[in-house]
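Structure first, commentary second.
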Amino acid sequence: MDNYAIAGIHKEQIHYLYAPTHLNRTSDYGVSFERGTYVDYADRRHVFISGTASINNKGEVMYPKDVVKQTQRMWENVEALLKEADCSFDDVSEMVVYLRDMADYDLVCKLFKERFPEKPYVIVQAPVCRPTWLVEMECTAIKAISAPSLPAF
């Protein structure tokens, strides 16, 4: 969320997501990005989940060399972040999936089609940041809310 710029957003509208039961803090790596952020507007919540992969709350990679289990753990981690924002995958509007090896494309595509048959997603080849990560994803969710004390945008 370092580059999200909309005039008039107040500090009280911005909330960071951590999901400490599933993920460690990004500050453990010395980086400035947040795993998840949500912004509340008068009538909706926008949730931004940054690149999330198969790790545990100690920062350890889970299931090296197993793209199916890594995909499932990645979903579990994203789901924990979404839950912290009072959202779920039902609120997700789009997903970007990063694959280290395009040889895994058909399998990961099948997994996404089975779990999210109606959700738009794109799968791209990318050098995800840890060599033992095979898959990573980011997503955006939008949920209607009631927040009468916030200004309308």
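No donor-acceptor pair closer than 3.5 Å links the side chain of Thr140 to the backbone N or O of Ser93. Checking side-chain atoms of Arg100 against main-chain N and O of Val128 turns up a donor-acceptor pair under 3.5 Å. Between the Ser54 side chain and the Met62 main chain, a donor and an acceptor come within less than 3.5 Å of each other. Using a distance-only test at 3.5 Å, with no hydrogens or angles considered, no donor-acceptor pair links the side chain of Lys69 to the main chain of Pro64.
Between His22 and Arg73 the shortest side-chain heavy-atom distance falls below 4.5 Å. Between Ile55 and Leu23 the shortest side-chain heavy-atom distance falls below 4.5 Å. Between Tyr41 and Ile9, some side-chain heavy-atom pair lies under the 4.5 Å cut-off. Between Leu134 and Val108 the shortest side-chain heavy-atom distance does not fall below 4.5 Å. Side-chain contact between Asp91 and Val47 is absent, with no heavy atoms from C-beta onward closer than 4.5 Å. Between Cys139 and Ile49 the shortest side-chain heavy-atom distance falls below 4.5 Å. Residues Gln125 and Tyr105 are not in side-chain contact: their nearest non-hydrogen atoms beyond the backbone lie 4.5 Å or more apart. Side-chain contact between Tyr16 and Glu84: absent, with no pair of heavy atoms (C-beta onward) separated by less than 4.5 Å.
Hydrophobic clustering of Ile, Leu, Val, Met, Phe, Trp and Tyr side chains at less than 4.5 Å, counting indirect connections, unites Val135 with Tyr121. Grouping the Ile, Leu, Val, Met, Phe, Trp and Tyr side chains by contacts below 4.5 angstrom, directly or via other members, places Val78 with Leu111. When the side chains of ILVMFWY residues are joined at heavy-atom separations under 4.5 Å, either directly or via intervening members, Val96 and Trp75 end up in a single hydrophobic cluster.
At a cut-off of 3.5 Å, with distance as the only test, a side-chain donor of Glu138 or Tyr98 sits close to an acceptor on the other residue.
Remark: Glu79 pairs with Arg115 by the salt bridge (Lys or Arg N to Asp or Glu O under 4.0 Å) rule, at least two apart or across chains.
Ring to ring, Phe89 and Phe116 are close: their centroids are under 6.0 angstrom apart.
Of all heavy-atom pairs spanning Ala19 and Leu81, the tightest one is CB-CD2, 3.8 Å. Looking at every heavy atom in both residues, Thr37 comes nearest to Leu17 through N-CD1, 3.9 Å. The shortest heavy-atom contact between Gln70 and Val61 is NE2-CG1, 4.2 Å.
Note: Asn77 CG to Asn57 CG = 9.5 Å, rounded to the nearest 0.5 Å. Rounding to the nearest 0.5 Å places CE of Met74 at 9.0 Å from OG1 of Thr52. In this structure, NZ in Lys143 is found 10.5 Å from CG in Leu82, a value given to the nearest 0.5 Å.
Among the candidates Gln13, Arg45, His10, the single residue satisfying the side-chain hydrogen bond (donor to acceptor under 3.5 Å, both in side chains) test with Asp40 is Arg45.
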From CA spacing to verdict: side-chain contact (heavy atoms from CB on, under 4.5 Å), Tyr18, Arg35: CA-CA 7 Å; Tyr18 301 105; Arg35 296 203 185 281; over 6 Å; no
Checking side-chain contact (heavy atoms from CB on, under 4.5 Å) for the pair Met95/Phe112: CA distance, chi angles, key distance, verdict? CA-CA 10 Å; Met95 298 176 278; Phe112 269 81; 3.9 Å; yes
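The hydrophobic side chain of Ile142 is isolated, with no ILVMFWY side chain under 4.5 Å apart from it.
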